[in-house]
Protein chains: 2
Amino acid sequence: MADVSGLTIAAVERDTGLSKDTLRVWERRYGFPKPLRDPSGERLYAADDVERLRLIKRLLDQGHRPGKVVGTAPAELLRLLEAHTPRTAAALPGSAECAALIDLLKLHRSDELRAMLSQTLLKFGLQRFVAEIVAPLNRHVGEAWLRGEIAVMEEHLYTELIQNTLRAAINAHAARGTRPRVLLTTFPDEEHTLGLLMAEAMLVPEGAHCISLGTQTPLSDIRMAAASGSFDIVALSFSSAYPVRQAVDGLLSLRDRLAGEVGIWAGGAGICGRQRSLPGIRVIAEIDDTLAALRDWHNAHLNS
Amino acid sequence: MADVSGLTIAAVERDTGLSKDTLRVWERRYGFPKPLRDPSGERLYAADDVERLRLIKRLLDQGHRPGKVVGTAPAELLRLLEAHTPRTAAALPGSAECAALIDLLKLHRSDELRAMLSQTLLKFGLQRFVAEIVAPLNRHVGEAWLRGEIAVMEEHLYTELIQNTLRAAINAHAARGTRPRVLLTTFPDEEHTLGLLMAEAMLVPEGAHCISLGTQTPLSDIRMAAASGSFDIVALSFSSAYPVRQAVDGLLSLRDRLAGEVGIWAGGAGICGRQRSLPGIRVIAEIDDTLAALRDWHNAHLNS
DNA sequence: GCCATTAGTTTGTCCAAGACAAAGCGTTGA
DNA sequence: TCAACGCTTTGTCTTGGACAAACTAATGGC
């Protein structure tokens, strides 16, 4: 069955994180992507092209320059990706569990998957579960998805089951009145919720008092919430799909409008390595760093 | 303190949720907002205008039309917001708990709110908790939000806490190999997850074997998932914000492409009352009807 | 009286090409 | 080693026109 209809430019923006303006200017400058047009002249992107755009996005995030990679054939792109990721499939503590979980996911054995997640959580404890199981799993699933080894259904199922597991664990805690008070959320257009839940799962066992607003809170509401709730820290999460520029702008603007004694933490693949351009903001490069950041906060507030 | 610098159009988009295109076309058509320009001709929006835009956005969400409210003075806008009529508060079972929960929400007592949700869940049982507490609460929160009585933060917090509670309850069940096998998800552009969780929470205690893909699964992937997983039922949820036309089209298209023995259930405010135009699809008008639908399915499959 | 069509209006998104600022890169000089 | 400079790349903003999708209002059965 030939899929006659392609994706609109808005859909591609949503799926790749590349702005409409960027997509149009790339077409003009580099000749790619060159979408078909519908009867009224609007762009229709082929699924293959979107796939390739995702590869390109990946390379840009790794530091490649658009002029070099937009317009390069997919095979070469893959080679570049491989070249840059001498990822150690090393024997990390939970890599056996990881592999087993991925296998279950690909077989759609959702019952066993859920059971094994719960079991692994009990075995490792919440924090190590997040750092040593969920974080690597996220990476694996994300990469497998880029390589087309994982279907949409599997990716959705994965997110859903992890979410159930983490939320159940978080909900079981009942910290009260402890410090610091942490407000967790994401900016608008950032709908990935897993990073947020992972952060919360790292913080809650330490006695931090977390209040999560879920995803997509407008900037002004974040400001209002932070001010009204006497929070010590506002924590934001950014996935790799989130436009870096937008993230940095938003964070600086938030830093500007928020009282100085309120800390701002920013984490996730979409913001990692940007500490330089974010004065007054604590960038959390890896999920483990959450604990380091928390320790720093405690050290800085021993007297109070 | 004269604020020389205004907000860029990108910042306003982030803060208000109105797209750059929309902001420019409003300026052209209605003469508002009329931002200053920086030396290179780029728009700089005044803080007051952004505030007014946020008011306008609220009114649009209530159903007002742009032509009527963009260009109207702030005082008049506030009057319109006030004028929005409050609904009746009927005395249903569990309404005492509802009121108490709403009060806690407005006070931002998130700890107590979570505790009371867990407690109420235990008292009522999962199914009655969903039907008699969560469903009315949803309605109340939704209406209060339209009236401006509830801040964005409170609405987000509410969704987040309910989600934690429901997912913890769902995750605690461990049904295996039972029937029917139900696939739950929503169409793309439908990001409301609560309806889906409520349905799952109604079904799981009955021994139904639920697999949820979360929100926003493309139609073709729903079809593939349904076919590959030997499901008995595909359940879709539609919030009131979802365009009816799109829902009906999508459902009929899905019905067309799916094997006849696979049932399709459609529920939520966005689709209720449309049974007539949806042959071959079970429309679930109220959350309680989920159980009736399940009973019907069992009756029709006694022999197998 | 109640739906279903149809026609008319409103409204958001898309397009084009040009312009330019911000960021990256490379060179020079202290 | 690092600061300052110019050159190149790259993403965002601009304008005005166009049009499809959504909404409203009017019309025509049953």
Side-chain angles (χ1 to χ4, degrees), chain A residues 5-14 16-45 53 56-57 59-71 242-249 252 273-274 276-278, chain B residues 6-14 16-32 34-45 53 56-57 59-71 189 241-249 270 273-277:
Chain A
S5 70
L7 298 171
T8 67
I9 195 170
V12 176
E13 176 181 45
R14 190 163 35 70
T16 64
L18 300 163
S19 80
K20 293 170 188 136
D21 276 326
T22 301
L23 289 168
R24 284 191 277 256
V25 90
W26 280 5
E27 182 180 344
R28 202 197 309 166
R29 286 187 189 141
Y30 312 119
F32 179 84
K34 199 140 225 165
L36 298 175
R37 301 302 181 115
D38 76 358
S40 62
E42 307 199 348
R43 281 165 245 260
L44 285 181
Y45 291 84
L53 284 169
I56 293 170
K57 179 73 192 327
L59 287 166
L60 293 189
D61 291 340
Q62 290 182 359
H64 287 84
R65 308 227 41 194
K68 299 288 194 321
V69 292
V70 185
Y242 198 82
V244 177
R245 169 64 167 277
Q246 211 170 320
V248 171
D249 276 3
L252 290 177
R274 298 282 164 164
R276 277 179 312 125
S277 41
L278 291 169
Chain B
L7 299 172
T8 67
I9 195 170
V12 176
E13 175 181 46
R14 195 162 27 68
T16 64
L18 299 163
S19 80
K20 292 167 190 146
D21 276 327
T22 301
L23 289 168
R24 291 193 199 102
V25 89
W26 279 5
E27 182 180 344
R28 200 197 312 167
R29 287 191 188 137
Y30 311 120
F32 179 86
K34 198 140 225 165
L36 299 174
R37 301 303 181 114
D38 76 358
S40 63
E42 306 198 349
R43 281 166 244 260
L44 285 182
Y45 292 84
L53 283 169
I56 293 171
K57 182 75 190 318
L59 286 166
L60 293 188
D61 290 341
Q62 288 185 6
H64 286 84
R65 314 236 21 208
K68 300 286 190 334
V69 293
V70 185
D189 296 330
Y242 199 82
V244 178
R245 170 68 161 276
Q246 210 171 323
V248 171
D249 281 0
R274 296 284 164 164
Q275 179 69 78
R276 278 175 312 119
S277 42

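Between Tyr30(A) and the phosphate of dT9(D), there is no side-chain N or O to OP1/OP2 separation shorter than 4.0 Å. Checking the phosphate oxygens (OP1, OP2) of dT12(D), a side-chain nitrogen or oxygen of Thr22(A) falls inside 4.0 Å. Between Thr8(B) and the phosphate of dT12(D), there is no side-chain N or O to OP1/OP2 separation shorter than 4.0 Å. Applying the 4.0 Å criterion to OP1 and OP2 of dT13(C), one finds that Ser19(B) has a side-chain N or O inside that range. Phosphate contact (OP1/OP2 of dT13(C), side-chain N/O of Lys20(A), threshold under 4.0 Å): absent. Contact annotation: Arg24(A) does not reach the phosphate of dT10(D) (side-chain N/O to OP1 or OP2, under 4.0 Å). Distances shorter than 4.0 Å separate some side-chain N or O of Arg37(B) from OP1 or OP2 on dT15(D). Residue Arg29(B) has no polar side-chain atom (N or O) positioned under 4.0 Å from OP1 or OP2 of dT11(C).
Between the CG atom of Leu18(B) and the C1' atom of dT13(C) there is a distance of 14 Å, rounded to whole Å. Summarising the geometry, the separation between CD on Glu13(B) and C1' on dG12(C) is reported as 13 Å, rounded to the nearest angstrom. In this structure, CD of Glu27(B) is placed 10 Å from P of dG16(D), rounded to the nearest angstrom. What separates CZ of Phe32(B) from C1' of dT11(C) is a distance of 17 Å, to the nearest Å.
If you find the closest nucleotide of DNA chain C to Glu42(B) and to Val25(B), the one lying nearer the 5' end belongs to Val25(B). Comparing Asp21(A) and Gly67(A) along DNA chain D, the residue whose closest nucleotide (by nearest heavy atom) sits nearer the 5' end is Gly67(A).
Atom-to-atom distance recorded for Glu42(A):CD and Ile9(A):CD1 is 9.5 Å, nearest 0.5 angstrom. Going from atom CG of Leu7(B) over to atom CZ of Arg14(B) covers 8.0 Å, rounded to the nearest 0.5 Å. Going from atom CD of Glu13(B) over to atom OG1 of Thr8(B) covers 9.5 Å, rounded to the nearest 0.5 Å.
Closest to the side chain of Arg65(B), from the set dC13(D), dA18(D), dT10(C), is dT10(C). In the set dA20(D), dT12(D), dG12(C), dA20(D) carries the atom at the smallest distance from any side-chain atom of Ser40(A). Considering only the side chain of Pro66(A), dT10(D) comes nearest among dT10(D), dT14(D), dG12(C).
Sorted by first then second residue, the salt bridge (charged side-chain N to carboxylate O under 4.0 Å, His left out) pairs that include residues 29-38 of chain A, not counting sequence neighbours, are Glu27(A)-Arg37(A).
Between the side chain of Arg28(B) and the base of dG16(D), a donor-acceptor pair under 3.5 Å is found.
Remark: the backbone N or O of Val12(B) is paired with a side-chain donor or acceptor of Thr16(B) at under 3.5 angstrom.
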